[in-house]
> 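First the structure, then my questions, so here it is.
In what follows, every heavy atom counts, from backbone to side chain, and hydrogens, waters and symmetry copies are set aside.
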Amino acid sequence: MSGVWVFKNGVVRLENPASGDSRKALVYIPNNEVITSYSSLERKLLSLGWERYYEDPDLLQFHKRSSLDLISLPKDFSRFRSMHMFDIVIKNRETFKVIDN
C-alpha cells in the first residue's frame, strides 16, 4: 500500500498520490498564492528557515536546521506530484495547503 497520510480536521487518511495529481495545487496560505514554479517555492521555503541541500544532483532538497525534516523534490517541476505537495504541507502546516484545482 502506497500513498500519503493526510491530516485534516482531526482525521487521518491515506491518499493515493497517483490519483488526481493533475487536479491538485500547492497554495502558500499567507497570500493565497498557487505555487507554479520551483523558484517561487524555494523563496517561500527559504523565508521559513529551510536551507537548500545539495547532496543529490537529481533532486531539489531542503533541510531545516531545527529539525530532522528533509524535503526532496524531483528536479523537473513537471514531475511535482501531490505526494510532494502533501510532504511540504505536513512539514509546514500553517503555511501551505493542497487544494483541488
Side-chain angles (χ1 to χ4, degrees):
M1 181 182 342
S2 65
V4 175
W5 288 102
V6 178
F7 303 92
K8 186 174 183 179
N9 298 327
V11 177
V12 179
R13 71 171 188 249
L14 183 64
E15 288 193 358
N16 182 351
S19 66
D21 281 343
S22 61
R23 298 179 308 160
K24 302 286 185 199
L26 182 66
V27 175
Y28 182 66
I29 295 171
N31 62 1
N32 212 30
E33 176 187 346
V34 174
I35 301 299
T36 57
S37 69
Y38 277 150
S39 59
S40 172
L41 177 59
E42 183 172 10
R43 282 192 303 275
K44 307 293 189 255
L45 290 174
L46 293 176
S47 73
L48 294 169
W50 290 89
E51 298 176 352
R52 194 63 198 278
Y53 190 65
Y54 294 94
E55 190 67 29
D56 188 335
D58 297 326
L59 297 171
L60 286 178
Q61 294 183 307
F62 297 91
H63 177 263
K64 204 168 199 178
R65 284 189 187 193
S66 62
S67 74
L68 297 174
D69 290 336
L70 181 68
I71 297 172
S72 295
L73 308 171
K75 200 77 154 173
D76 182 359
F77 189 76
S78 67
R79 297 182 62 214
F80 185 60
R81 302 283 183 252
S82 63
M83 70 176 184
H84 303 109
M85 296 176 196
F86 284 118
D87 185 40
I88 292 168
V89 169
I90 296 279
K91 294 170 181 164
N92 299 278
R93 287 190 173 112
E94 304 297 319
T95 314
F96 290 98
K97 66 181 177 180
V98 176
I99 61 167
D100 289 325
N101 204 2

> Begin with the C-alpha distance, continue with both residues' side-chain angles, and end with the deciding distance and a verdict on side chain to side chain contact (heavy atoms under 4.5 Å, CB included) for Leu41 and Phe77.
CA-CA 11 Å; Leu41 177 59; Phe77 189 76; 5.7 Å; no
> For Lys24 and Met85, which heavy atoms make the closest approach, and how far apart are they?
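Result for this residue pair: O-CE, 3.7 Å.
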> Could you check whether atom OH of Tyr53 has more than 12 heavy atoms from other residues, nucleotides or ligands sitting under 6.0 Å from it?
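Not buried by this count: 12 neighbours or fewer within 6.0 Å.
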> Identify the heavy atoms of His63 and Asp69 that sit nearest to each other, and give their distance.
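Reported closest heavy-atom pair: CD2-O, 3.3 Å.
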> Where do Phe62 and Arg52 come nearest, in terms of heavy atoms and distance?
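Shortest heavy-atom contact: CE2-CD, 3.6 Å.
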> Judged by atom type as modelled, is there a donor-acceptor pair below 3.5 Å linking the side chain of Lys64 to the main-chain atoms of Leu48?
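Judged by distance alone, yes, a pair lies under 3.5 Å.
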> Just how far is it from atom CD1 of Ile88 to atom CZ of Phe80, taken to the nearest 0.5 Å?
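Ile88 CD1 to Phe80 CZ: 4.0 Å, rounded to 0.5 Å.
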> Please tell me whether Val27 and Ile35 are part of a single hydrophobic cluster in this structure, the criterion being side-chain heavy atoms less than 4.5 Å apart.
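Different clusters.
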> What's the spacing between Phe86 CZ and Arg81 CZ if we round to 0.5 Å?
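With rounding to 0.5 Å, CZ (Phe86) is 14.0 Å from CZ (Arg81).
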> Taking all non-hydrogen atoms of both residues, which atom of His84 and which atom of Pro74 are closest, and how far apart?
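Of all heavy-atom pairs spanning His84 and Pro74, the closest is NE2-CD, 3.4 Å.
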> Should Leu26 and Leu70 be regarded as members of a common hydrophobic cluster, given that ILVMFWY residues are connected when their side-chain heavy atoms come within less than 4.5 Å of each other, either directly or indirectly?
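No, no single cluster joins them.
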> Measure the spacing between CG of Leu60 and OH of Tyr54 and express it to the nearest 0.5 Å.
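Going from CG on Leu60 over to OH on Tyr54, the span is 9.0 Å.
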> At what distance, to the nearest 0.5 angstrom, does CZ of Arg43 lie from OH of Tyr28?
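Answer for the CZ-OH pair, Arg43 versus Tyr28, is 11.0 Å.
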> List the atom of Ser72, the atom of Asp87, and the distance in Å for their closest heavy-atom pair.
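Heavy atoms of Ser72 and Asp87 come nearest at N-OD2, 4.3 Å.
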> To the nearest 0.5 Å, what is the distance between CG on Leu73 and CE on Met83?
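Leu73 CG to Met83 CE: 9.5 Å, rounded to 0.5 Å.
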> How many angstroms lie between CD1 in Ile29 and NZ in Lys44, if you round to the nearest 0.5 Å?
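Separation between the atoms: 13.0 Å.
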